[in-house]
Peer 1: 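Here it is, the structure in full.
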Amino acid sequence: MAPKVIALFDVDGTLTLPRKRAADEMLAFMQELKKFVTVGIVGGSDLHKIAEQLGESCVHSFDYVFSENGLVAHKDGKLLAQQSLKAFLGDDKLKQFINFVLHYIADLDIPIKRGTFIEFRNGMLNVSPIGRNCSQEEREEFEKFDLATGIRKTFVEVLREKFTDFGLTYSIGGQISFDVFPKGWDKTYCLQFVKEFDEVHFFGDKTYEGGNDFEIFTSERTIGHTVTSPDDTKAQCTALFLPK
């Protein structure tokens with residue numbers, strides 16, 4: 001009997017260019033792929049942002065959609081499960097953490113700052129030193145600045161030391177921000193919903209240690225694949241899953 005296979009995909013840098021809408025050709029390829037394997041999406045963003053990139057019908061376009069690392073899980077268009085950071089931390093700890101983050105950002109010396117420095121998602125916080133309201137050009141300039149100065153890396157190190165007893169972990173992803181969530185609530189969280197599969201393949205671009213694909217990429221439960229672009233994702237999947 002042939003193994004039961006699922007292919008899970010990161011979004012930014014894997015199916016799309018960062019924060020861009022997926023190309024029509026890529027979306028068509030993913031529908032073709034569904035004929036041969038089960039297809040799931042695993043994004044750190046909330047469902048609204050994933051839908052902006054993969055289309056409003058994304059929940060119904062894929063077999064599984066795991067937003068916020070799987071803390072909000074959908075199967076065949078129906079909600080499977082939902083977790084809450086607020087319930088995990090409680091309001092007092094949450095307020096302490098947010099106050100510290102905002103003070104830290106206020107004291108950061110970076111070229112520009114915009115708005116929405118903390119985005120409160122259902123199961124995590126997304127922290128952006130420049131602010132998520134920056135333009136695409138500003139986003140790209142900050143990414144270069146961050147690579148040269150390690151702003152996000154240093155920020156995360158400070159938070160790890162300051163809030164060591166909060167049970168939190170941190171994951172740098174995308175161009176301008178990092179995610180904060182309870183330990184174990186990284187992308188491996190979604191694997192509890194796909195236990196019936198014999199093979200779980202994962203495709204992501206930030207598979208290095210500290211990247212937001214690292215934990216699921218290195219999980220014993222998955223076969224990890226590092227990709228460099230949507231075209232690379234398409235090429236690897238064609239070689240792996242489509243008939244020769």
Peer 1: Could you tell me whether K187 and D10 have a side-chain N and a carboxylate O separated by less than 4.0 Å?
Peer 2: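 Yes, K187 and D10 are salt-bridged.
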Peer 1: Do the two ring centres, one from F202 and one from F9, sit under 6.0 Å apart?
Peer 2: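 Not under 6.0 Å, so no.
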Peer 1: Report the distance from atom CG of L15 to atom OG of S229, rounding to the nearest 0.5 Å.
Peer 2: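 Nearest 0.5 Å value for the CG-OG distance: 11.0 Å.
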Peer 1: Do D146 and R152 meet the salt-bridge criterion of a basic N to acidic O distance under 4.0 Å?
Peer 2: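 The answer is yes: the pair qualifies as a salt bridge.
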Peer 1: Determine the interplanar angle of the F241 and F203 rings, folded into 0 to 90°, and report it as parallel if under 30°, tilted if 30 to 60°, perpendicular if over 60°.
Peer 2: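 Correct class here is perpendicular.
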Peer 1: Does any part of the side chain of L8, heavy atoms only, come nearer than 4.5 Å to the side chain of C190, both counted from C-beta?
Peer 2: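 Side-chain contact under 4.5 Å: yes.
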Peer 1: How long is the gap from CG on L80 to CD on Q192, to the nearest 0.5 Å?
Peer 2: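 Answer for the CG-CD pair, L80 versus Q192, is 9.5 Å.
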Peer 1: Under the 3.5 angstrom rule, does the side chain of R160 hit a backbone N or O of F155 as a donor-acceptor pair?
Peer 2: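 Absent.
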Peer 1: Can we say K153 and E157 salt-bridge, meaning some charged N sits less than 4.0 Å from an Asp/Glu carboxylate O?
Peer 2: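 Salt bridge: yes.
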Peer 1: Are the side chains of R21 and T16 in touch, meaning some heavy atoms are under 4.5 Å apart?
Peer 2: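 Contact flag for R21/T16 side chains = no.
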Peer 1: So do the side chains of P111 and F142 get within less than 4.5 Å of each other, counting heavy atoms only?
Peer 2: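 No; the side chains remain at least 4.5 Å from each other.
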Peer 1: Just so I know, are the side chains of D46 and N122 near enough to count as touching, which here means a heavy-atom distance under 4.5 Å?
Peer 2: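 They are not in side-chain contact.
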Peer 1: How about S61 and L54: do any of their side-chain heavy atoms sit closer than 4.5 Å?
Peer 2: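 Not touching, per the 4.5 Å side-chain cut-off.
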Peer 1: May I have the step-by-step check of salt bridge (Lys or Arg N to Asp or Glu O under 4.0 Å) for D12 and K20, ending in yes or no?
Peer 2: CA-CA 8 Å; D12 272 4; K20 298 288 189 179; over 6 Å; no
Peer 1: Could you tell me if the side chain of L47 sits less than 4.5 Å from the side chain of V59, heavy atoms only?
Peer 2: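 A side-chain contact exists here, since the closest heavy-atom pair is under 4.5 Å.
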Peer 1: Please state whether the rings of W185 and F88 are parallel, tilted or perpendicular, taking 30° and 60° as the class boundaries.
Peer 2: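 Ring orientation, 0 to 90° scale: tilted.
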Peer 1: To the nearest 0.5 Å, what is the distance between CZ on F66 and CD1 on I50?
Peer 2: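 One gets 11.0 Å once the value is rounded to the nearest 0.5 Å.
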Peer 1: Can you confirm whether more than 12 heavy atoms, excluding those of E196, are under 6.0 Å from its CD atom?
Peer 2: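 Above 12, so yes.
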Peer 1: Would you please test T38 and D63 for side chain to side chain donor-acceptor pair (under 3.5 Å) and show each step?
Peer 2: CA-CA 6 Å; T38 302; D63 302 301; 4.6 Å; no
Peer 1: Is the Y208-F214 ring centre distance short of 6.0 angstrom?
Peer 2: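 Ring-ring flag for Y208/F214: false, centres at least 6.0 Å apart.
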Peer 1: For residues F193 and Y64, establish whether the separation of their ring centroids is below 6.0 Å.
Peer 2: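 Not under 6.0 Å, so no.
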Peer 1: Does R139 pair with E141 as a salt bridge, N-O distance under 4.0 Å?
Peer 2: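 Salt bridge absent between R139 and E141.
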Peer 1: Measure the CG-CZ distance between N126 and R121 for me, rounded to the nearest 0.5 Å.
Peer 2: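 Between atom CG of N126 and atom CZ of R121 there are 4.0 Å.
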Peer 1: Sorted by first residue and then second, give each side chain to side chain donor-acceptor pair (under 3.5 Å) pair with at least one member in residues 88-113; sequence neighbours left out.
Peer 2: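 As it turns out, there is no side chain to side chain donor-acceptor pair (under 3.5 Å) pair with a partner in residues 88-113 once direct neighbours are skipped.
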Peer 1: Within a strict 4.5 Å, meaning less than it, do heavy atoms of the M124 and N69 side chains meet?
Peer 2: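 M124 reaches N69 side chain to side chain.
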Peer 1: Side chains of E215 and T188: any donor to acceptor distance under 3.5 Å?
Peer 2: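 The criterion, which ignores hydrogens and geometry beyond distance, is not satisfied for E215 and T188.
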Peer 1: List the steps, then state whether ring pair (Phe, Tyr, Trp, His ring centres under 6.0 Å) holds for Y170 with F181.
Peer 2: CA-CA 7 Å; Y170 308 85; F181 45 85; 8.1 Å; no
Peer 1: Are K4 and F197 in a cation-pi contact, defined as NZ or CZ under 6.0 Å from the six-membered ring centre and within 45° of the axis?
Peer 2: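 The answer is yes; both the distance and angle limits are met.
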